[in-house]
**Q** 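Structure provided below as C-alpha cells; questions to follow.
This chain uses plain numbering: 1 for the first residue, then up along the sequence. Just so it is clear, the model here is predicted, and its values are computed rather than measured.
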Amino acid sequence: MNTLTFLGATGQVTGSCYLLESNAKRILIDCGIFQGGKAADKQNRSRFPFNPSSIDAVVLSHAHLDHSGRLPQLYKDGFRGDLFLTEGSSHLLDLLLKDAALLQLRDTEWENKRRQRSGKKLLEPLYTLEDVENLLQLRKPIAYREPTEIVPGLSVTFHDAGHILGSAIVELKSNNGPQQKTLVFSGDLGNPHSPLLYDPEQLTEADILLLESTYGDRDHKPLDTTLDELREILIAAHENGGNVIIPSFAVGRTQDLIYWLGKLYREDALPQQQVFLDSPMAIEASKIYDDHSHLFNDDDPEFKNIAKRKDGWQTWLPNLVYSESTEDSIAINRIVGGSIIIAGSGMCTGGRIRHHLKYNLWRRNAHIVFVGFQAQGTLGRTLVEGQKDLKILGSQIHVQATIHTLGGLSAHADQSQLLRWASAFKDPKPRLYLIHGELNASHSLRTCFHRTDWDATLPEVGQTIEF
C-alpha cells in the first residue's frame, strides 16, 4: 500500500510539499517556502511534521522557491538522502537557494535589531549558506523522459512542464505489490503561449493526479491583446514622462519579458531609451538560460540563434542595461521618467523592487505593471487590489501611479489550458486532487471537472490518502 500526505500548497498557492510512503521508503515531493506575510513566515519557521532524517529522497519539480525554498532547512534538520531534479533545475537551484540564504540572513538581522529594541526574543536564520552548499551536494540531475529508480521499487520520470527552465511534470511509478501504481504531479504547468519554452508534455495514464490550480478560476487574456496593452502602457508612460516599473520573478518571467521587449524594439515600437534589469539574480538566471538554449522551442529561430551567444539577451534587446551593484540600483532611483525598470521580487515581498516602488508609486505619471500571480498577504496583492495608502521601507506612501495587470504573460496554465491538459488522461480517469490554488480558484476548477463527470477533491493540510 502507498500513502500520500498533503503538507503544503493545499488551499493555497505556495509551500509545495507532499510526503509519499512506498515500499517502506519515505519520499518528499518538493519542499517549498510559504509566501505571503507574517502567517507565511510563521509556517516557514515551524518544525517539519515529520523527521527530516527519515526521508530517503526528495523529488523536486522545479527550482522556484515555493517548491524548493525549505530544502536547506530540511538538510539542517537531518535530511541526508538524494535530491532528484532535472538538469536545468540543478543549475537554477544553486542560484536561487544561495540568494535566498543571503536574503533571509539579512532579513533576520534587521528583524533582530527591531526585536532587541523592544526586548523580544531574537530569531535564528532558517538556514545558512553552509546548509545550502551541503544540500546541493545531494543533487542527482536526471534528463527529461529518462525513467530512474530512486529507491527500490520506485522510479521517477520527469516530463517538460514548460513553466520555467527545467520545470517538470513528475511521474512516479511504484511496484509495491502485484500491480504497478502511478502518481502524476503536474508541478506548475506552463502557459502554452510561452515564447521560449516548449508546451507542457501530455501524459495519459495515472492512478493519482495532483493538479495545480493557480489560475483555476479564470482564463488569461489573449496574448495579442496583452501585447497590445503592453504597447499602450509603454506609449502612455513615454508621453507623460513617467517610468514603467515591472515587479518580476527572476527566473522565467524576466526572460519572457526581455524577449517580448526585444520583439517590440525590433518592431521600432519600444519608445523607452533604457530597460534596466535591476536584479543580480535575474541577470545570473538569464545567463543560465543562455547555457541551456537547447531547451528553447523553435518558434523564433532568430532569437534562438542569438540566445546561444554569451551576450545574447543584450544583443536581442540592445538598450538592456544590467544593474548589478547596490550603487547601480540606487542610481536608478534618481531617474524620474523615461525608463523601464524590471526588478524582483515578483510579488514585491522583498528585494530591490520595493525601493523602486517607494520612489515611483507616489508619482502620477508612473506605471506599475504586474505580470504574474500575486499571493494573498503580499505587497503586490495589496497594490493590485487597489489600496492607496501603505508603508514601504519605513515611508508612508500615497499611491498615485497607474497599476496594470497583464495576465496574458503568466507562466502558468489558465483554467481552459488546465482542463485541456487533464482531459488527455484515459479512462478510467485517475483520482484527481486539486492543489496549488487559493480556495476560490480550486473550487472553480473542481466545478468544471464535475461538469465532465470527473470528481475532483480539494485535500486538506495533513490529509493522508492510500492507493
Side-chain angles (χ1 to χ4, degrees), residues 63 65 69 91-111 113 125 128-130 132-133 165 242-259 261-262 265 270 272-291 307 309-361 363 366 368-369 371 379-380 392-395 397:
L65 291 178
H91 290 87
L92 288 173
L93 190 68
D94 185 300
L95 172 67
L96 285 166
L97 291 184
K98 288 178 180 176
D99 182 77
L102 294 172
L103 284 177
Q104 64 94 15
L105 180 62
R106 185 202 63 190
D107 291 346
T108 301
E109 289 175 350
W110 278 101
E111 174 63 18
K113 287 180 182 178
T128 66
L129 202 54
E130 184 180 3
V132 172
E133 294 281 10
L165 188 76
N243 288 320
V244 177
I245 313 298
I246 307 180
S248 185
F249 301 97
V251 178
R253 204 65 44 86
T254 292
Q255 290 74 37
D256 285 356
L257 269 172
I258 296 172
Y259 172 82
L261 292 172
Y265 178 90
L270 184 65
Q272 281 72 21
Q273 294 301 305
Q274 289 181 307
V275 179
F276 292 99
L277 180 53
D278 189 22
S279 168
M281 185 165 67
I283 294 167
E284 287 304 310
S286 298
K287 293 174 183 177
I288 293 172
Y289 266 61
D290 280 343
D291 293 339
R309 297 175 47 163
K310 195 170 183 179
D311 60 348
W313 295 103
Q314 289 175 301
T315 300
W316 177 252
L317 179 58
N319 58 356
L320 176 64
V321 179
Y322 286 163
S323 174
E324 301 198 54
S325 69
T326 301
E327 292 73 22
D328 290 340
S329 183
I330 292 171
I332 295 173
N333 288 324
R334 294 193 285 269
I335 299 173
V336 298
S339 295
I340 298 171
I341 303 165
I342 303 169
S345 68
M347 296 184 192
C348 310
T349 53
R352 295 181 178 184
I353 190 63
R354 294 171 76 92
H355 293 273
H356 299 308
L357 291 173
K358 175 181 175 180
Y359 283 93
N360 286 274
L361 274 174
R363 300 181 189 274
I368 316 300
V369 182
V371 294
L379 174 58
I392 301 179
L393 300 175
S395 298
I397 306 291

**Q** How far apart are the closest heavy atoms of S279 and G344, and which atoms are they?
**A**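 Looks like CB-N, 4.4 Å.
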**Q** Just one of I332, I392, I330, L393 clears the side-chain contact (heavy atoms from CB on, under 4.5 Å) bar with H355, so which one?
**A**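 Of the listed residues I332, I392, I330, L393, the side-chain contact (heavy atoms from CB on, under 4.5 Å) partner of H355 is L393.
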**Q** Hey, could you give me the CZ/NZ distance between R354 and K358, rounded to the nearest 0.5 Å?
**A**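 It comes to 11.0 Å.
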**Q** Do the side chains of L277 and L320 get nearer than 4.5 Å, heavy atoms only?
**A**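 SC-SC contact between L320 and L277 confirmed.
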**Q** Please check: side-chain N/O of Y289 versus main-chain N/O of L165, any donor-acceptor pairing under 3.5 Å?
**A**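 Checked: pair present.
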**Q** Do I340 and L270 make a side-chain contact, defined as non-hydrogen atoms from C-beta onward lying under 4.5 Å apart?
**A** yes
**Q** So, for A63 and L93, which heavy atoms are closest and what is the spacing to 0.1 Å?
**A** CB-N, 3.9 Å
**Q** Looking at every non-hydrogen atom in both residues, tell me the closest pair between A101 and V132 and how far apart they are.
**A**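 Looking at all heavy atoms of both residues, the shortest contact is CB-CG2, 3.8 Å.
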**Q** Rounded at 0.5 Å granularity, tell me how far SG in C348 sits from CD1 in I245.
**A**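 Those atoms lie 10.5 Å apart.
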**Q** Can any side-chain N or O of R363 pair as donor or acceptor with the backbone N or O of G242 at less than 3.5 Å?
**A**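 No; zero donor-acceptor contacts below 3.5 Å.
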**Q** Quick check for you: to the nearest 0.5 Å, what is the distance between N319 atom CG and L317 atom CG?
**A** 4.5 Å
**Q** Distance from L92 atom CG to I288 atom CD1, nearest 0.5 Å?
**A** 5.0 Å
**Q** Could you measure the distance from the CD1 atom of I342 to the CD1 atom of I258? Nearest 0.5 Å is fine.
**A** 5.5 Å
**Q** Distance check, rounded to the nearest 0.5 Å: R106 atom CZ versus L102 atom CG?
**A**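 One gets 9.5 Å once the value is rounded to the nearest 0.5 Å.
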**Q** Minimum heavy-atom separation for V371 and S248, please, with both atom names.
**A** CG2-OG, 4.5 Å
**Q** Is it the case that more than 12 heavy atoms not belonging to Q273 sit under 6.0 Å from its CD atom?
**A**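 It does not: Q273 CD has 12 such atoms or fewer within range.
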**Q** Using side chain to side chain contact (heavy atoms under 4.5 Å, CB included), reason through L379 and T349 one step at a time and then give a plain yes or no.
**A** CA-CA 6 Å; L379 174 58; T349 53; over 6 Å; no
**Q** Please tell me if the side chains of F249 and S345 come closer than 4.5 Å, counting only heavy atoms from C-beta onward.
**A**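 No, every pair of side-chain atoms sits at 4.5 Å or beyond.
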**Q** L361 and I368: side chain to side chain contact (heavy atoms under 4.5 Å, CB included), yes or no, with the steps?
**A** CA-CA 8 Å; L361 274 174; I368 316 300; 3.8 Å; yes
**Q** Could you walk me through whether S323 and D278 pass the side-chain hydrogen bond (donor to acceptor under 3.5 Å, both in side chains) test, one step at a time?
**A** CA-CA 5 Å; S323 174; D278 189 22; 2.9 Å; yes
**Q** Decide yes or no on side chain to side chain contact (heavy atoms under 4.5 Å, CB included) for I341 and I246, but give the supporting numbers first.
**A** CA-CA 6 Å; I341 303 165; I246 307 180; over 6 Å; no
**Q** Are any of the side-chain heavy atoms of H91 and L95 separated by less than 4.5 Å?
**A** no
**Q** Run H356 and N333 through side-chain hydrogen bond (donor to acceptor under 3.5 Å, both in side chains) and show every step you take.
**A** CA-CA 6 Å; H356 299 308; N333 288 324; 2.8 Å; yes
**Q** I'd like to check P247 versus R352 (side-chain heavy atoms, cut-off strictly below 4.5 Å). Are they in contact?
**A**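 No, too far: nothing below the 4.5 Å cut-off.
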**Q** Does Q274 CD have over 12 foreign heavy atoms under 6.0 Å away?
**A** yes
**Q** Tell me, with the steps shown, if L65 and L97 meet side chain to side chain contact (heavy atoms under 4.5 Å, CB included).
**A** CA-CA 8 Å; L65 291 178; L97 291 184; 3.9 Å; yes
**Q** Are Q314 and Y322 side-chain neighbours, meaning at least one heavy-atom pair lies under 4.5 Å?
**A**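 In short, these two side chains touch, coming nearer than 4.5 Å.
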**Q** Would you say that W313 contacts K287 through its side chain, given a criterion of any heavy-atom pair below 4.5 Å between the two side chains?
**A** no
**Q** Shortest non-hydrogen contact from S286 to Q255?
**A**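 Taking every non-hydrogen atom into account, OG-NE2, 3.0 Å.
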**Q** Using only atom types and a distance under 3.5 Å, with no angle test, would you say the side chain of E284 pairs donor to acceptor with the backbone of M281?
**A**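 Such a contact is absent between E284 side chain and M281 backbone.
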**Q** Please test S339 against Q272 for side-chain hydrogen bond (donor to acceptor under 3.5 Å, both in side chains), starting from the C-alpha separation and ending with a verdict.
**A** CA-CA 6 Å; S339 295; Q272 281 72 21; over 6 Å; no
**Q** Is atom OH of Y259 surrounded by more than 12 heavy atoms (other residues, nucleotides or ligands) closer than 6.0 Å?
**A**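 Yes, OH of Y259 has more than 12 neighbouring heavy atoms, counting only those of other groups under 6.0 Å.
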**Q** Does the side chain of I335 reach to within under 4.5 Å of the side chain of N243, using non-hydrogen atoms?
**A** yes
**Q** Would you check if the side chain of Q104 reaches a backbone N or O of D99 as a donor-acceptor pair within less than 3.5 Å?
**A** no
